[in-house]
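Counting starts at 1 for both ligands and their atoms, in listed order. Excluded from the calculations below are hydrogen atoms, water molecules and symmetry mates; all remaining heavy atoms, backbone and side chain alike, are included.
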Amino acid sequence: MVSAATRKNLLKVRVMDFITSIAILPLLFGCVGIFSLFKLLQYMRMKAYIRNAVVIITGATSGLGRECARVFFAAGAKLVLCGRNREALEELTRELAASRVTEVQTHKPYIVTFDLADPGAIVAATSEILQCFGYVDVLINNAGISYRGAIIDTSTDVDKRVMETNYFGPVALTKALLPSMIKRRHGHIVAISSIQGKISIPFRSAYSATPS
Ligand SMILES: NC(=O)c1ccc[n+]([C@@H]2O[C@H](COP(=O)([O-])OP(=O)(O)OC[C@H]3O[C@@H](n4cnc5c(N)ncnc54)[C@H](OP(=O)(O)O)[C@@H]3O)[C@@H](O)[C@H]2O)c1
């Protein structure tokens, strides 16, 4: 014999189950839809921002920097490609010019060569960079060197070289470009780091100290 109260409770549970089973899918799809729309708007805004933006990429001759150059060029950014190897940068600009980009207007990149481990060269490079387009929207501090070796066998000169290139050089370049960004009240600075600054791996101490 089921009491009236129990029957009422059972009915309540059934109603709740029904509502949940009906509402869960629209709720889920609604959330996914809103998130996707947000991401799409964010992507469109970012694309619009990058178009015609002046983007400086250090270490553009190879690896990640070269790939960044391709992506930003295709998005319509005005690039200043930096590195030490002028020939490699010239080869990259030829490759970019030959690439077929139809969606947006592209811009011929400038090349500025300098050694990040040389403080004097950074000062000269900064004015050269600023002369290219007159201002900087985005600085991508990507250049860096890697090193593997036991601490005991690594000379202090090597430690210094890795630190100068991966840390002090980018810091000096950032400080040199900051006044122009502050003056325009506009600019973004990207620092390419490494997970090795967070976790320790054998034979990587000289390098791991630099992105931490
Ligand atoms: N590859 C990875 O797995 C990895 C993982 C985590 C983080 N990262 C970081 O990501 C960044 C790029 O790495 P990657 O693997 O693409 O490096 P990569 O292919 O070896 O390229 C390094 C770039 O830095 C430039 N560079 C090196 N020393 C320089 C100096 N003294 N002055 C000016 N430019 C200098 C090089 O250009 P020039 O030779 O023309 O000077 C080159 O374009 C680095 O900061 C690295 O620490 C890489």
Identity and separation of the nearest protein heavy atom to atom 37 (O) of ligand 1: Thr61 OG1, 2.8 Å
Identity and separation of the nearest protein heavy atom to atom 27 (C) of ligand 1: Arg84 NH2, 3.5 Å
Proximity of Leu64 to ligand 1 by residue part, where a heavy atom lies under 4.0 Å: both
Heavy-atom nearest neighbour in the protein, as seen from atom 4 (C) of ligand 1, with distance rounded to 0.1 Å: Tyr207 OH, 5.0 Å
N or O pair under 3.5 Å between Asp115 and ligand 1: yes
Ser3 (side chain) donor-acceptor with Thr6 (main chain) under 3.5 angstrom: yes
Over 12 foreign heavy atoms within 6.0 Å of CD1, Ile24: no
More than 12 heavy atoms of other groups within 6.0 Å of Gln42 CD: yes
Atom pair CG/CZ of Leu81 and Phe73 - distance to nearest 0.5 Å: 9.5 Å
Thr165 contact mode with ligand 1 (heavy-atom cut-off under 4.0 Å): side chain
CD1 on Ile189 to CD1 on Ile56, rounded to 0.5 Å: 11.5 Å
Test item: protein heavy atom less than 4.0 Å from atom 41 (O) of ligand 1: yes
Distance, nearest 0.5 Å, that separates CD1 of Ile140 from OG1 of Thr58: 8.5 Å
Contacting atoms of ligand 1, where contact means under 4.0 angstrom from a heavy atom of Gly144: 22 (C), 24 (O), 27 (C), 45 (O)
Pair Ser205, Ser208: side-chain N/O donor-acceptor within cut-off below 3.5 Å: no
Closest to atom 7 (C) of ligand 1 (judged by heavy-atom distance), picking from Ala60, Ser193, Ala191, Ala88: Ser193
Per-atom contacts, ligand 1 versus Gly63 - under 4.0 Å to a heavy atom: 16 (O), 19 (O)
Atom 17 (O) of ligand 1 within contact range, any protein heavy atom under 4.0 Å: no
Considering all heavy atoms, the nearest Ala77-Val55 contact: CB-CG2, 3.8 Å
Any residue meeting side-chain contact (heavy atoms from CB on, under 4.5 Å) with Tyr49, in chain and number order, not counting sequence neighbours: Asp137, Val138, His186, His188
Nearest non-hydrogen protein atom, atom 5 (C) of ligand 1: Ser194 OG, 4.5 Å
Any side-chain donor near an acceptor of the partner, Thr154 and Tyr147, under 3.5 Å: yes
For atom 44 (C) of ligand 1, the protein heavy atom that lies nearest, with its residue and separation: Asn142 O, 3.2 Å
For atom 10 (O) of ligand 1, the protein heavy atom that lies nearest, with its residue and separation: Ile192 CG2, 3.3 Å
Exercise check, heavy-atom protein proximity under 4.0 Å to atom 25 (C) of ligand 1: yes
Between Ser146 and Arg204: side-chain donor-acceptor atoms closer than 3.5 Å: yes
Identity and separation of the nearest protein heavy atom to atom 33 (C) of ligand 1: Phe114 O, 3.4 Å
Approximate separation, where rounding is to 0.5 Å, of Asp157 CG and Glu164 CD: 11.0 Å
Nearest candidate to atom 19 (O) of ligand 1, where distance is taken over non-hydrogen atoms, out of Ser62, Cys82, Pro170: Ser62
Short N or O distance, Gly65 and ligand 1, threshold 3.5 Å exclusive: no
Closest approach of any protein heavy atom to atom 32 (N) of ligand 1, naming residue and atom: Leu116 N, 2.8 Å
Numbered atoms and elements of ligand 1 in range of Ala143, under 4.0 angstrom, heavy atoms: 24 (O), 25 (C), 26 (N), 34 (N), 35 (C), 45 (O)
Which of the ligand 1 atoms, numbered from 1, are nearer than 4.0 Å to a heavy atom of Ile145: 27 (C), 28 (N)
Any protein heavy atom < 4.0 Å from atom 1 (N) of ligand 1: no
Could you pull out every donor-acceptor pair under 3.5 Å between side chains of residues 109-120 and any protein atom, sequence neighbours left out?
| residue | atom | partner | partner atom | Å |
| --- | --- | --- | --- | --- |
| Asp115 | OD1 | Ala117 | N | 2.9 |
| Asp115 | OD2 | Arg161 | NH2 | 3.3 |
| Asp118 | OD1 | Gly120 | N | 3.1 |
| Asp118 | OD1 | Ala121 | N | 3.4 |

Contacting atoms of ligand 1, where contact means under 4.0 angstrom from a heavy atom of Asn85: 40 (O)
Nitrogen or oxygen atoms of Gly59 and ligand 1 under 3.5 Å apart: yes
Atom pair CD1 (Ile192) and CG (Asn142), whose distance is rounded to the nearest 0.5 Å: 5.0 Å
